[in-house]
Amino acid sequence: MQNGGRDWYSNVNDVTSSHPELANEVLREIRERGPLASRHFEGAAGGGMWNWKPAKAMLERLWNHGALVIAGRQGFQRVYDLTERVIPRAQLEATVPSEHDVLRTLAEQAVTARGALTESGVKEHWRLSGGVARIRPALDELVAEGRLRRLRVDDGGADVLVAADAELDRPPPRTAVLLSPFDNLLWDRPFARRILGFDHLIEVYKPAPQRQYGYYVLPFLRGDRIVGRADLKSERKEGRLVVRAFHREDGIRASGALDDALDTALDRLARSIGLEEVRR
């Protein structure tokens with residue numbers, strides 16, 4: 001994932017030097033024709049996931065710099081439009097807050113959304129440059145004002161930040177749910193290892209022989225523990241969700257209760273994505 005991120009930035013930045021007039025051409029087409037997806041532009045992609053055709057790379061660059069926004073999707077493809085045609089003028093012309101105010105807002109939003117985060121987790125939530133030192137003054141201020149709390153943890157690791165009204169020492173939830181591999185519970189992988197004892201892997205970008213658990217694997221959360229990983233496949237034409245494999249975490253024993261909880265979670269997932277049958 002990290003290498004992919006570097007490839008993405010390299011691709012969208014290099015296109016300006018290799019195709020210096022392309023930005024104006026792309027903006028002109030969208031201005032005259034309305035919202036467009038990358039397929040509406042000519043060109044061919046090279047090999048590799050991030051080696052897009054020049055027009056796609058330029059669309060992403062213009063979006064990343066605010067000249068375009070995502071106006072919708074057609075299937076899995078983003079549809080791009082001019083920023084001023086999507087975002088209301090009042091918002092575009094609003095007073096720009098100071099960096100400190102922005103960091104305060106981002107920090108509080110991250111902790112509230114995620115429930116508990118370390119300082120490094122807050123930084124990583126927004127992919128902020130400048131390291132923890134950049135976000136720490138805003139966090140200290142929020143703690144001093146009583147908007148956040150900073151808690152020491154028995155394991156001796158980094159303090160954890162929680163919302164001021166967070167309830168602590170609640171009984172474990174009676175949860176049985178299959179998580180998206182991109183669920184924000186797992187964004188901070190070191191924190192997931194520390195708190196949940198779960199080493200999260202996303203293997204969709206790996207060649208099949210290199211995968212340990214499978215192509216699209218969903219962690220299975222039961223109560224306050226991740227107890228397994230389900231490699232699933234959606235067979236849309238047949239209306240079926242197929243369990244290709246289920247891997248229990250270390251220390252988790254097979255049991256009827258575990259199977260029942262997994263069945264419940266699979267049925268819920270199948271219904272939520274419009275499938276009628278689960279095959280294990």
Please check this pair: side chain of [X] against backbone of [Y], looking for a donor-acceptor N/O pair closer than 3.5 Å.
X      : Y      : result
Arg61  : Ala23  : no
Arg248 : Arg229 : no
Lys123 : Gly130 : no
Arg222 : Leu262 : no
Trp126 : Leu106 : yes
Arg114 : Leu117 : no
Arg136 : Ala133 : no
Lys206 : Gln212 : no

Have Tyr80 and Glu60 got a donor and an acceptor in their side chains that come within less than 3.5 Å?
-> yes
Will you find, in the side chains of Glu29 and His40, an N or O donor that is under 3.5 Å from an N or O acceptor?
-> no
Does [atom1] belonging to [X] count more than 12 external heavy atoms closer than 6.0 Å?
X      : atom1 : answer
Arg211 : CZ    : yes
Lys233 : NZ    : no
Arg33  : CZ    : yes
Arg225 : CZ    : no
Arg73  : CZ    : yes

Is there side-chain contact between [X] and [Y], with at least one heavy-atom pair below 4.5 Å?
X      : Y      : result
Met58  : Leu22  : yes
Val153 : Asp159 : no
Val102 : Val96  : no
Leu221 : Thr175 : yes
Val162 : Val160 : yes
Trp187 : Glu124 : no
Val278 : Val242 : no
Tyr216 : Leu232 : no

Could you go through the salt bridge (charged side-chain N to carboxylate O under 4.0 Å, His left out) check for Arg104 and Glu141 one step at a time?
-> CA-CA 8 Å; Arg104 276 177 53 97; Glu141 194 173 282; 2.6 Å; yes
Taking it one step at a time, do Glu238 and Arg279 satisfy salt bridge (charged side-chain N to carboxylate O under 4.0 Å, His left out)?
-> CA-CA 11 Å; Glu238 295 80 4; Arg279 177 174 293 179; over 6 Å; no
Under 4.5 Å between side-chain heavy atoms, hopping through other hydrophobics if needed: is there a path connecting [X] to [Y]?
X      : Y      : value
Leu59  : Val69  : no
Val79  : Val26  : no
Leu142 : Val122 : yes
Val204 : Leu201 : no

Given salt bridge (charged side-chain N to carboxylate O under 4.0 Å, His left out), test Arg280 with Asp263 step by step and report yes or no.
-> CA-CA 9 Å; Arg280 289 186 62 179; Asp263 285 339; 2.8 Å; yes
Which pair of non-hydrogen atoms, one from [X] and one from [Y], has the smallest distance, and what is that distance?
X      : Y      : answer
Val132 : Ser120 : CG2-CA, 3.7 Å
Ser180 : Leu186 : O-CD1, 4.5 Å
Arg134 : Leu128 : NH1-CD2, 4.2 Å
Gly34  : Arg85  : CA-NH2, 3.5 Å
Ala261 : Ala176 : O-CB, 3.9 Å

About how many Å separate [atom2] of [Y] and [atom1] of [X], when rounded to the nearest 0.5 Å?
X      : Y      : atom1 : atom2 : result
Arg89  : Thr83  : CZ    : OG1   : 12.0 Å
Glu108 : Glu145 : CD    : CD    : 8.5 Å
Phe220 : Ile252 : CZ    : CD1   : 10.5 Å
Arg244 : Tyr215 : CZ    : OH    : 10.0 Å
His200 : Asp183 : NE2   : CG    : 8.5 Å
Arg236 : Leu275 : CZ    : CG    : 5.0 Å

Could you walk me through whether Val86 and Leu68 pass the side chain to side chain contact (heavy atoms under 4.5 Å, CB included) check?
-> CA-CA 9 Å; Val86 178; Leu68 298 176; over 6 Å; no
Would Arg189 and Ile202 satisfy side chain to side chain contact (heavy atoms under 4.5 Å, CB included), going step by step from the backbone distance to the final call?
-> CA-CA 11 Å; Arg189 296 185 188 184; Ile202 298 177; 3.5 Å; yes
Verify side chain to side chain contact (heavy atoms under 4.5 Å, CB included) between Val243 and Asp231, making sure each step is shown before the conclusion.
-> CA-CA 6 Å; Val243 182; Asp231 181 17; over 6 Å; no
Derivation of the salt bridge (charged side-chain N to carboxylate O under 4.0 Å, His left out) call for Arg28 and Glu25 | CA-CA 5 Å; Arg28 183 176 62 250; Glu25 294 173 12; 5.3 Å; no
Could you label the plane-to-plane angle of the His247 and Tyr213 rings as parallel, tilted or perpendicular, counting under 30° as parallel and over 60° as perpendicular?
-> perpendicular
Which of these, Leu36, Ile87, Ile30, sits in a side-chain contact (heavy atoms from CB on, under 4.5 Å) with Asp81?
-> Ile30
